[in-house]
Enquirer: 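Sharing a structure with you now.
In each ligand, atom 1 is the first atom listed, and ligand 1 is the first ligand listed.
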Amino acid sequence: MIKVITYGTFDLLHFGHINLLKAAKALGDYLIVGVTSENFDRARGKLLVQQSLAERMEAVKATGLVDEVIVEEYEGQKIDDIKRYGVDIFTVGSDWRGKFDYLSPFCKVVYLSRTEGVSSTDLRSKGHTLSIGVVGASPSLQKFMEESRYTSGIEITDLLPLSGATEGLDLTNVRLCDTYEQLLSRVDAIYLNAPPRMRFAYSKQALEAGVHVLSEPPVALTKQDAETLFALARERGVIFCEGLKTAYSLAFQRMVLLLRGGVIGQVKSVEATCTSMAKAHSPWLFDKNEGGGALIEWGAYTLYAAQQILGRDFADCRFVTMKNEEGLDLYTKLWMLYPDAEATLKVGIGVKSEGEMIISGTKGYIYVPAPWWKTDYFEVRKEDIRDNRKHFYQFEGEGIRYELAEFVKSIRQNSIASLVLPEDSIAIAATVERFLKEDGIFTI
Ligand code: CTP
């Protein structure tokens with residue numbers, strides 16, 4: 001009996017896939033198909049797969065062409081499978097020509113001709129590439145534009161530079177807009193990195209124009225403004241979401257799940273620090289009038305973490321702020337009191353510290369090294385060090401590609417996927433508002 005194996009994502013099964021499976025089956029007597037798991041696809045940069053693993057496996061089975069369906073979950077698995085199943089022929093479409101020659105010591109490698117004119121990518125975008133406009137200033141725009149290359153089905157088409165800052169931006173194939181109205185009339189969605197004090201107005205105008213918005217955090221400086229934006233998005237049937245990179249870090253997501261499962265018992269304390277000294281994110285970082293300052297710049301990240309771990313309902317919070325002569329918040333320490341726990345959050349733009357996170361519980365603690373807000377690693381530590389565990393997850397680049405992929409997925413599904421929830425963003429805006437109101441009370 002000749003055993004044949006092939007692998008693929010098989011998202012939105014199409015006739016290109018069917019042709020491939022028919023041809024693969026014809027090569028032998030028994031066909032095994034490895035369908036890639038979500039995590040494996042994510043690790044290899046395929047971020048916009050629409051169907052779940054179960055749905056894709058079911059669709060492959062339903063073709064009736066396949067004798068066995070397995071899951072592909074890790075790098076190097078193909079060699080293991082070939083040995084384990086006694087495979088004679090490995091086959092794949094010609095778009096992969098040469099890439100799997102390394103398997104030839106283990107079995108015969110055959111590249112089958114790929115069907116022209118159809119792909120899952122095209123089906124996902126339904127022939128329509130989302131056009132995205134970016135609003136803001138370098139260097140954060142540059143990072144965004146670079147990372148957008150990893151998300152299929154979108155194109156950065158237009159740019160409105162704020163603060164006149166186009167320096168260092170690669171403007172190939174991007175139109176420079178003179179006005180915001182012009183940009184909004186040309187695009188399906190925007191990535192917004194306007195000065196914090198202007199963000200609400202920019203988002204509101206975009207949503208009113210029926211344009212989807214991915215906004216830098218915080219989305220607004222008051223609870224009411226944040227609520228208004230989400231209500232407006234709902235009313236207009238467009239997606240509005242906060243681009244909080246941490247939310248899309250697999251390590252962070254998994255850590256929260258472990259905490260909810262009680263890995264360190266009851267959580268009693270969250271300590272998280274975020275600092276940066278340079279104008280790394282925006283030219284207005286040090287401009288109070290534009291909404292610069294440590295808490296506005298970094299607060300959302302630490303607050304999001306506290307909210308995910310301890311909940312949105314804290315009993316009280318206190319701020320200690322250190323300002324420069326112009327009254328700009330250079331360093332703020334937030335202390336959040338929960339009924340049975342506390343969070344100490346430190347943010348700085350003029351004070352440097354270790355950007356780590358420590359979560360303490362009744363049975364141990366979790367240590368996340370700097371920069372915890374885009375981490376690929378954390379450690380669960382116990383009294384008995386033999387019980388310590390290290391957890392690693394893939395996190396590429398700045399993490400923008402993941403938030404962008406989720407944003408695009410939400411637009412295509414017309415509902416928020418697994419993004420930061422509106423309630424999370426509203427709660428963050430409420431704490432920012434409180435900080436701005438109470439400004440001065442605990443100022444040093
Ligand atoms: N395939 C094919 N003809 C097509 C599309 C895919 O022969 N038009 C083959 C691929 O070469 C591969 C298998 O089908 O061997 C599974 O491919 P997959 O990556 O799942 O499909 P794509 O449509 O190429 O997906 P995407 O657009 O997401 O890359």
Enquirer: Would you call the rings of Phe395 and Tyr402 parallel, tilted or perpendicular if under 30° counts as parallel and over 60° as perpendicular?
Expert: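 Answer is tilted, since the angle falls between 30° and 60°.
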Enquirer: So is His14 polar-close to ligand 1, meaning N/O to N/O under 3.5 Å?
Expert: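 Yes; at least one N/O pair falls below 3.5 Å.
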Enquirer: Quick one: does any side-chain atom of Thr9 pair with a main-chain N or O of Asp11 as donor and acceptor, under 3.5 Å?
Expert: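 Flag not set: sc Thr9 to bb Asp11 has no pair under 3.5 Å.
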Enquirer: Tyr367 pairs by side chain to side chain donor-acceptor pair (under 3.5 Å) with which of Arg381, Glu356, Glu379?
Expert: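 It is Glu356, the one option of Arg381, Glu356, Glu379 that forms the side chain to side chain donor-acceptor pair (under 3.5 Å) with Tyr367.
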Enquirer: For Asp29, give me all partners under salt bridge (Lys or Arg N to Asp or Glu O under 4.0 Å), at least two apart in sequence or on another chain.
Expert: none
Enquirer: For atom 24 (O) of ligand 1, what's the nearest protein heavy atom and its distance?
Expert: Arg114 NH1, 3.0 Å
Enquirer: Could you say whether the N/O atoms of Phe10 and ligand 1 ever approach to under 3.5 Å?
Expert: yes
Enquirer: Students should be able to answer this: which protein heavy-atom is nearest to atom 12 (C) of ligand 1, and at what distance?
Expert: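 For atom 12 (C) of ligand 1, the nearest protein heavy atom is Gly93 N, 4.0 Å.
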Enquirer: Does the side chain of Arg389 reach to within under 4.5 Å of the side chain of Lys382, using non-hydrogen atoms?
Expert: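 With C-beta onward as the side chain, the pair stays apart.
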Enquirer: Applying a 4.0 Å heavy-atom criterion (strictly less than), which segment of Glu116 is in contact with ligand 1: side chain, backbone, both, or neither?
Expert: neither
Enquirer: Among protein heavy atoms, which lies nearest atom 19 (O) of ligand 1, and at what distance?
Expert: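 Answer, as residue, atom name and distance: Lys46 NZ, 3.0 Å.
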Enquirer: Can a donor-acceptor pair be found between the side chains of Asp80 and Tyr74 at a distance below 3.5 Å?
Expert: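 Yes, a side-chain donor-acceptor pair sits under 3.5 Å.
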Enquirer: Do any N/O atoms on Arg124 end up under 3.5 angstrom from N/O atoms on ligand 1?
Expert: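 Between Arg124 and ligand 1 (N or O atoms, distance only) the closest approach is under 3.5 Å.
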Enquirer: Please list, in number order, the atoms of ligand 1 under 4.0 Å from a heavy atom of Ser119.
Expert: 23 (O), 27 (O)
Enquirer: I need the atoms of ligand 1 closer than 4.0 Å to a non-hydrogen atom of Thr9, numbered in the order shown.
Expert: 20 (O)
Enquirer: Give a yes or no on whether the backbone of Ala247 and the side-chain of Tyr304 come within a donor-acceptor separation of less than 3.5 Å.
Expert: no
Enquirer: Please enumerate all residues that pass ring-ring contact (aromatic ring centres under 6.0 Å, His included) together with Tyr365, with sequence neighbours excluded.
Expert: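 With sequence neighbours excluded, Tyr365 shows a ring-ring contact (aromatic ring centres under 6.0 Å, His included) to no residue whatsoever.
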Enquirer: When only distance counts, is Leu20 in polar contact with ligand 1, meaning an N/O pair under 3.5 Å?
Expert: no
Enquirer: Rounded to the nearest 0.5 Å, what separates atom CG in Leu47 from atom CZ in Arg42?
Expert: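 Reported to 0.5 Å precision, the distance equals 7.0 Å.
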Enquirer: Among protein heavy atoms, which sits nearest to atom 26 (P) of ligand 1, and what does the distance come to when rounded to 0.1 Å?
Expert: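 For atom 26 (P) of ligand 1, the nearest protein heavy atom is Thr121 OG1, 3.3 Å.
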Enquirer: Side chains of Lys374 and Thr246 only: does a donor on one sit below 3.5 Å from an acceptor on the other?
Expert: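 Looking only at side-chain atoms, Thr246 and Lys374 do not form any donor-acceptor pair under 3.5 Å.
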Enquirer: Does only the side chain of Asp95 get under 4.0 Å from ligand 1, or the backbone, or both, or neither? Count heavy atoms.
Expert: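 The answer is the side chain.
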Enquirer: Heavy-atom pairs closer than 4.0 Å: do any link ligand 1 to the side chain of Val118, the backbone, both, or neither?
Expert: both
Enquirer: Which residue and non-hydrogen atom of the protein lie closest to atom 21 (O) of ligand 1, and at what distance in Å?
Expert: His17 NE2, 2.9 Å
Enquirer: If I apply the N/O under 3.5 Å rule, does Ser120 come out as touching ligand 1?
Expert: yes
Enquirer: Is Glu208 atom CD crowded by more than 12 heavy atoms from other residues, nucleotides or ligands, each under 6.0 Å away?
Expert: yes
Enquirer: Judging by distance only, is a nitrogen or oxygen of Thr115 under 3.5 angstrom from one on ligand 1?
Expert: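 Yes; at least one N/O pair falls below 3.5 Å.
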Enquirer: Of all the atoms in ligand 1, which lie at a distance below 4.0 Å from a heavy atom belonging to Val92?
Expert: 15 (O)
